[in-house]
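Nothing fancy with the numbering, it's 1 onward along the sequence.
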Amino acid sequence: MTGDPGADRPVRVVVVGGGTAGWMAAAGLVGLLPRACSVHLIESEEIGIVGVGEATLPHLRLYLERLGIDEAAFMAATDATFKLGIEFRDFARIGDRYIHPFGTYGRPLGSVGFHHYWLRRHAEGAGLPPIGAYSAGVVAAEARRFERPGTDAEDPTTSFGYAYQFDATRFAPFLRRWAEERGASRTEGRVTSVDRDGEDGLIRAVLLADGTRIEGDLFLDCSGFRSLLLGQDLSEPWEDWSHWLPCDRAVAVPSVTPDAPTEPFTRATASEAGWRWRIPLRHRVGNGHVYASAFCSDERATDALLAGLDGAPLAEPRFLRFRAGRRRRSFVGNVVAIGLASGFLEPLESTSIYLVQAAITALVEHFPDTRIAQIDRDGFNRAIDAEYDRIRDFLILHYHATTRDDSPFWNHVRTMTVPDSLAEKMALWRATGQVAHYRHGLFLEPSWIAVYLGQGIVPHGWDPRADRPDQAGLDRALSGLSHAIAERVGRMPGHDAALASIVAGTAA
C-alpha cells in the first residue's frame with residue numbers, strides 16, 4: 001500500500017457488476033482489507049452473467065483458504081467435484097491423449113529435474129511408460145480416485161494438487177452471502193452514466209437508471225465483456241490476439257450425468273475448428289464447443305457439440321462471442337478492470353477465474369489510499385500484463401504444437417508465426433530439455449513439460465548430468481517410483497466416495 005498510511009477514512013470501493021468477478025472481488029476486499037476499505041457492489045439481474053466458468057485451477061483453494069471459507073461448505077453449495085488436471089484429446093494428432101496434471105513428475109535428483117532422466121532413458125529405448133506414470137495426479141485421475149495429498153512435498157506420491165469443477169451460477173450467490181455478512185453492500189440497478197472530475201478525469205460517481213448516484217474513490221469494473229468503465233467510458237485500447245488464438249465463439253449446453261464414475265478431471269477434445277469441453281459436476285455435466293467462426297459455422301459447431309454428449313441435454317444451446325486479447329492497461333485513473341472487463345483468454349486451461357483471482361491479489365498488494373499514486377497503477381499493470389502474456393503463450397502452444405493437417409483451421413495454427421517469447425521457449429526445450437523460467441505468471445515447469453511431451457515435442461537433448469547414473473540403477477529407481485505411485489493411488493477411495501464423504505460431513 002502506498003500513499004499516506006494515515007488517511008482519515010477507508011477507501012470507498014464501488015464494484016460495477018456482479019457475477020463471479022464482482023463477488024470474488026467484493027469478498028476478497030472485505031475479507032482481506034476490512035479496515036482499509038468499504039465495498040459497495042452494483043449489479044443488475046436483467047443483464048445476467050456469463051456463467052460458464054465451471055473449471056478452475058488449484059489457486060482457487062488458496063483464495064478460499066485466505067478468506068477462511070470452508071471447503072466442504074463451498075463444494076456443497078456449488079455441487080462441486082474435485083479436479084486433478086485436464087485431459088487433452090486429439091490435439092497433437094487424432095487419437096492422442098494426455099493429462100496435464102496439477103503437480104510434479106517424480107522428484108529431482110540433486111538439482112537435475114526428473115524429466116531429464118526420463119528423457120535420457122526414453123531416448124535410449126528403455127521402453128518406459130509415458131511420463132504421466134510418474135505423476136500421482138495423472139494416475140489418480142485415470143483411476144477415477146481422489147484423496148487430498150499428504151503434507152510432504154518431497155514425497156512424489158503426494159506431490160500433486162487439486163482444484164474444483166463447480167456450478168458457476170451458484171458460486172456468485174455463495175460469495176454474495178459471505179461478503180454481505182462481512183459488510184459489503186449491494187444495490188440492484190443498471191449503470192447508465194459516469195460522473196468524472198473535469199480536472200483530473202477521475203470518476204467521482206456512477207449514475208443508475210433510476211437516478212441513484214453512487215460515489216466512490218476506487219471503481220472496480222467487473223461488467224464483463226462490455227467493460228463499461230475501462231473500455232467504454234475511458235476508451236482504454238484493446239490488444240487483439242485473435243491472429244494467434246482465432247477461436248472467437250462458444251456454444252454451451254448442460255447434460256444429464258451418465259451412470260458411470262465421476263471423472264476428477266476436465267476434458268478438452270480437439271475438433272475440426274477448435275475444441276469441446278466436458279466438465280463433470282455432481283448434478284450435471286457442463287459441455288461446450290469453442291470454435292473459430294472463420295472456419296466453422298454456428299450450426300456445424302452446435303451439431304458437433306450435441307453429437308458428442310454422453311447424456312441427454314438439459315437446456316437449449318447457448319452462444320457466446322468473444323475476442324482473445326486484453327486492455328493495454330487494466331488500472332487507469334481510479335478504475336481497475338477485473339475479469340472479462342480486463343481481457344479474455346479462452347478457457348482451454350481453465351484460467352478465467354484464476355485471472356480474476358490474480359487481479360484481486362495484485363490489487364490487495366498495490367491497494368491505494370484515497371489519493372491513488374501512479375506507482376500503484378504501474379505495479380498492478382505489470383503484474384496483470386505478465387499473467388496474460390504467460391497464459392497467452394501457453395495456450396498458443398496447444399494449437400501450434402500439432403501435426404494435424406486434416407482441416408484449414410489446424411493448418412492455420414500449425415503454420416502460423418507465434419510470438420517471439422513462445423518461439424524462444426520452444427527452441428530452448430527442443431535443444432536442451434530445459435523449460436524457460438520466469439518469476440511472475442502462471443504455469444511453471446511441470447505444466448510446460450506436460451504439454452510439450454503430450455503433444456509430441458520431444459527434445460533432442462537433456463541435462464548432461466542425467467547421464468551419470470548407471471542404466472540398471474536408474475531403471476530400478478524409475479520402476480520403484482511408478483510402482484509406489486500406483487500403490488498409493490490404489491489405496492485412495494473412488495472420486496464419488498470422496499465426494500459423498502464431503503457432502504455427508506457438511507450435512508452433519
Side-chain angles (χ1 to χ4, degrees), residues 85-100 119 122-123 130-132 240-251 266-278 287-309 322-325 345-350 391-431 433 435-436 443 447-461:
I86 306 172
E87 180 192 55
F88 291 93
R89 294 185 174 183
D90 300 338
F91 274 80
R93 59 186 63 81
I94 295 175
D96 280 2
R97 63 174 291 275
Y98 68 93
I99 290 180
H100 167 200
L119 288 170
H122 176 77
I131 197 167
D240 190 351
W241 292 343
S242 59
H243 48 293
W244 291 314
L245 296 168
C247 290
D248 58 355
R249 296 190 185 180
V251 55
T266 298
R267 177 177 296 136
T269 303
S271 63
E272 71 173 78
W275 59 281
R276 303 189 309 276
W277 78 71
R278 183 185 185 279
N287 309 275
H289 189 180
V290 176
Y291 59 100
S293 62
F295 297 91
C296 180
S297 68
D298 293 346
E299 181 179 25
R300 190 173 181 85
T302 305
D303 289 345
L305 173 62
L306 296 177
L309 299 182
F322 46 79
R323 281 185 303 159
L345 292 171
E346 59 165 89
L348 184 59
E349 281 282 357
S350 307
I391 295 171
R392 176 202 66 194
D393 284 1
F394 193 57
L395 295 181
I396 295 170
L397 175 65
H398 294 67
Y399 290 110
H400 187 60
T402 184
T403 60
R404 289 188 59 162
D405 59 1
D406 54 290
S407 71
F409 172 83
W410 288 102
N411 281 330
H412 167 71
V413 295
R414 176 174 49 80
T415 60
M416 68 183 176
T417 301
V418 300
D420 291 343
S421 51
L422 176 57
E424 292 166 2
K425 293 182 182 77
M426 294 178 69
L428 177 65
W429 169 260
R430 282 193 170 104
V435 175
F443 298 123
S447 296
W448 287 89
I449 292 170
V451 179
Y452 281 141
L453 294 179
Q455 299 201 199
I457 305 182
V458 180
H460 308 305

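The salt bridge (Lys or Arg N to Asp or Glu O under 4.0 Å) analysis of residues 421-430, with sequence neighbours excluded, yields the pairs D393-K425.
Pairing each heavy atom of C247 with each of G274, the nearest pair is SG-CA, 4.0 Å.
Ring geometry for F88 against F91 counts as perpendicular: the plane angle is over 60°, on a 0 to 90° scale with 30° as the lower cut.
Note that CD1 of I391 and CD of E349 are 9.5 Å apart. Values are rounded to the nearest 0.5 Å.
Contact annotation: the side chain of H400 never approaches that of V413 to less than 4.5 Å [non-hydrogen atoms, C-beta and beyond]. Taking 4.5 Å as the limit, some side-chain heavy atom of L119 sits within range of a side-chain heavy atom of L453.
Residue F394 forms a ring pair (Phe, Tyr, Trp, His ring centres under 6.0 Å) with just one option from W448, Y399, W244, and that option is W448.
Residues E272 and Y291 have side chains that never bring a donor and an acceptor to within less than 3.5 angstrom of each other. Using modelled atom types, one finds a donor on one side chain and an acceptor on the other under 3.5 Å when comparing S447 with H100.
Among residues two or more places apart in sequence or in another chain, the salt bridge (Lys or Arg N to Asp or Glu O under 4.0 Å) test is passed with R267 by E87, E263. For F322, the ring pair (Phe, Tyr, Trp, His ring centres under 6.0 Å) partners are F344, not counting sequence neighbours.
R249 and D298 are joined by a salt bridge, as a carboxylate oxygen and a charged side-chain nitrogen come within less than 4.0 angstrom of each other.
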